[in-house]
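Remarks on the structure that follows.
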Amino acid sequence: MTPTTGVRFRIEGDLHFLLHSRHRAAAATGELHCPYDGTATLEHLVESLGIPRTEVGPLRADGRPVPPTHRPHPGALVDVAPVPRPQPLPEDAPAPPRFLLDVHLGALARRLRLVGVDTAYGTEPDAALVARADDERRILLTRDRALLHRRALWLGAHVRGSRPDDQLTDVLGRFPVPLAPWTRCPACNGLLEPVPKAEIAHRLPPGTRRTYDTFTRCTTCAHLYWPGAHHPHLTTTIASAHQALTHQNLTHRALTHQTNSP
């Protein structure tokens, strides 16, 4: 294949890890050449390289902005950028956004619920998981690229990082959501409500009954919570979430100022 019979791609470094392994070395050198029959759209071409459409941001063909449906001419040079952060959502998306996490992100699900984000968790097969995300208008969060390649999926995101705390920072940086710590059940996502100690004293271990006076109860699964031994660690997680949102807001304002400056 010569450059005039295919399409040349310049992929921003943040997307290199999503490329099929056979393309990564070429992308790292500057340009990646892709066969082209003249009929495929840029969205399909980029996905054929391994990058899910959910991760693709602004596209430029020969220096000019183009939509994902653009059909480039043979020999075109296409620049592919990642989705902007924060990511703009469709006008019909629920506000604030809510999420559905796949089976491999249970620890992240508990952290998102801890800070008050509406977060469902699914163990169903891939097709059912995508259907649930579509039906409930939840953003599907996963580290499984195959899930994000499914055409039926209305909106999803690849979660960066292998540690749950890093994953939480990544999600909040991409989808800033209002935080409401201690309002959702980490176990089931139900809403928490204060409950008098006298009402649930019979359910408490003797040591807890002697030591603590403030309790909340899940309105869905009835699980009880109190500020026990893990409270300092959970408070640190919540503080980190607030810091991630503050950093993202400051970065967004700075970029907006640069864009609007003469």
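None of the values given here were measured: they were computed from a predicted structure.
Not a single donor-acceptor pair under 3.5 Å links the side chain of Arg217 to the backbone N or O of Ala222. Judged by distance alone, the side chain of Arg209 and the main-chain N or O of Ala201 form a donor-acceptor pair under 3.5 Å. Using modelled atom types, no side-chain atom of Thr211 and backbone atom of Thr208 make a donor-acceptor pair closer than 3.5 Å. Distance alone, capped at 3.5 Å, places no donor-acceptor pair between the Arg53 side chain and the His149 backbone. Side-chain N or O atoms of Asp62 include none that pairs as donor or acceptor with a backbone N or O of Ala76 at under 3.5 Å.
For the atom pair Thr69 OG1 and Arg71 CZ, the distance stands at 8.0 Å (nearest 0.5 Å). Expressed to the nearest 0.5 Å, how far CG of Leu172 lies from CG of Leu179 amounts to 6.0 Å. The NZ atom of Lys197 lies 15.0 Å from the CZ atom of Arg203; values are rounded to the nearest 0.5 Å. Note that CG of Asn189 and SG of Cys185 are 8.0 Å apart. Values are rounded to the nearest 0.5 Å. Atom-to-atom distance recorded for Ile200:CD1 and Leu224:CG is 5.0 Å, nearest 0.5 angstrom. To the nearest 0.5 Å, the span separating CG on Leu49 from SG on Cys34 amounts to 5.0 Å.
For the residue pair His233/Thr236, the side-chain donor-acceptor check at 3.5 Å is not satisfied.
Put simply, the side chain of Leu129 reaches to within 4.5 Å of the side chain of Leu147, judged on heavy atoms. Thr142 is not listed as a side-chain neighbour of Leu101, based on a closest heavy-atom distance of 4.5 Å or more. Side-chain contact check for Phe175 versus Pro86: every heavy-atom pair is 4.5 Å or farther apart. Inter-residue side-chain proximity for Val115 and Ile238 is flagged as met; some heavy-atom pair is nearer than 4.5 Å. With contacts defined as side-chain heavy-atom distances shorter than 4.5 Å, the pair Arg132/Leu100 qualifies. Residues Thr216 and Val195 have side chains not in contact (no heavy-atom distance under 4.5 Å, counting atoms from C-beta outward). Arg64 has its side chain within reach of His70: a pair of non-hydrogen atoms, C-beta onward, lies under 4.5 Å apart. Side-chain contact check for Leu155 versus Pro90: some heavy-atom pair is nearer than 4.5 Å.
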Under the salt bridge (charged side-chain N to carboxylate O under 4.0 Å, His left out) rule, what do Arg85 and Asp170 come out as? Steps first, then yes or no, please.
CA-CA 10 Å; Arg85 291 177 174 244; Asp170 175 69; 2.8 Å; yes
Side chain to side chain contact (heavy atoms under 4.5 Å, CB included) evaluation trace for Phe9 with Val46
CA-CA 9 Å; Phe9 285 95; Val46 174; 3.9 Å; yes
For a side chain to side chain contact (heavy atoms under 4.5 Å, CB included) check, start with the C-alpha distance between Leu105 and Arg143, then their side-chain angles and the critical distance, and finish with the verdict.
CA-CA 8 Å; Leu105 295 176; Arg143 288 176 56 80; 4.2 Å; yes
Run the salt bridge (charged side-chain N to carboxylate O under 4.0 Å, His left out) check on Glu47 and Arg145 step by step: do they pass?
CA-CA 11 Å; Glu47 281 207 298; Arg145 285 183 295 173; over 6 Å; no
Could you walk me through whether Asp14 and Arg160 pass the side chain to side chain contact (heavy atoms under 4.5 Å, CB included) test, one step at a time?
CA-CA 10 Å; Asp14 192 43; Arg160 315 292 176 91; 3.3 Å; yes
Worked verdict on Arg60 versus Val66 for side chain to side chain contact (heavy atoms under 4.5 Å, CB included):
CA-CA 6 Å; Arg60 301 180 73 88; Val66 292; 5.8 Å; no
Under the salt bridge (charged side-chain N to carboxylate O under 4.0 Å, His left out) rule, what do Arg174 and Glu55 come out as? Steps first, then yes or no, please.
CA-CA 11 Å; Arg174 182 166 174 174; Glu55 307 309 298; 2.8 Å; yes
Working note: Glu31 + Arg8, criterion salt bridge (charged side-chain N to carboxylate O under 4.0 Å, His left out); need CA distance, chi angles, decisive distance, verdict.
CA-CA 6 Å; Glu31 289 186 9; Arg8 298 171 293 153; 3.6 Å; yes
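Here the shortest heavy-atom pairing between Ala93 and Leu89 reads CB-CB, 4.1 Å. Between Ala107 and Pro164, the shortest heavy-atom distance links the atoms CB-CG, 3.6 Å. Heavy-atom minimum distance, Ala81 versus Glu12: CB-OE2, 3.3 Å. Considering all non-hydrogen atoms of both residues, Ala109 and Tyr121 come closest at CB-CD1, 4.3 Å. Listed here is the closest heavy atom pair of Ala133 and Leu153: CB-CD1, 4.2 Å. Contact between Thr220 and Gly190 at its shortest, heavy atoms only, is OG1-CA, 3.6 Å.
Annotation for Arg151: atom CZ counts as buried by contact number, over 12 foreign heavy atoms lying within 6.0 Å. Surrounding NE2 of His202 are more than 12 heavy atoms belonging to other residues, nucleotides or ligands, all under 6.0 Å away.
Each of Trp182, Trp226, Tyr225 was checked for a ring-ring contact (aromatic ring centres under 6.0 Å, His included) with His231, and the lone residue meeting it is Trp182.
Comment: Asp165 engages Arg111 in a salt bridge, judged by a side-chain N to carboxylate O separation of less than 4.0 angstrom. Looking at Arg150 and Asp134, no side-chain N of the basic residue comes within less than 4.0 Å of a carboxylate O on the acidic one, giving no salt bridge. Salt bridge annotation for Asp118-Arg138: present, with a cationic side-chain nitrogen under 4.0 angstrom from a carboxylate oxygen.
Tyr36 and Ile11 end up in the same hydrophobic cluster when Ile, Leu, Val, Met, Phe, Trp and Tyr side chains are linked at under 4.5 Å. Linking Ile, Leu, Val, Met, Phe, Trp and Tyr residues whenever their side-chain heavy atoms come within less than 4.5 Å places Val117 and Leu168 in a single cluster. Linking ILVMFWY residues whenever their side-chain heavy atoms come closer than 4.5 Å, directly or via other members, places Trp154 and Val159 in the same cluster. A continuous path of hydrophobic side-chain contacts links Leu245 to Val171 [ILVMFWY only; heavy atoms under 4.5 Å]. Side-chain heavy atoms closer than 4.5 Å link hydrophobic residues (I, L, V, M, F, W, Y) into clusters, and following such links, possibly through other members, connects Leu108 to Leu234.
The six-membered or imidazole ring of Phe17 lies near that of His158, with a centre-to-centre distance under 6.0 Å.
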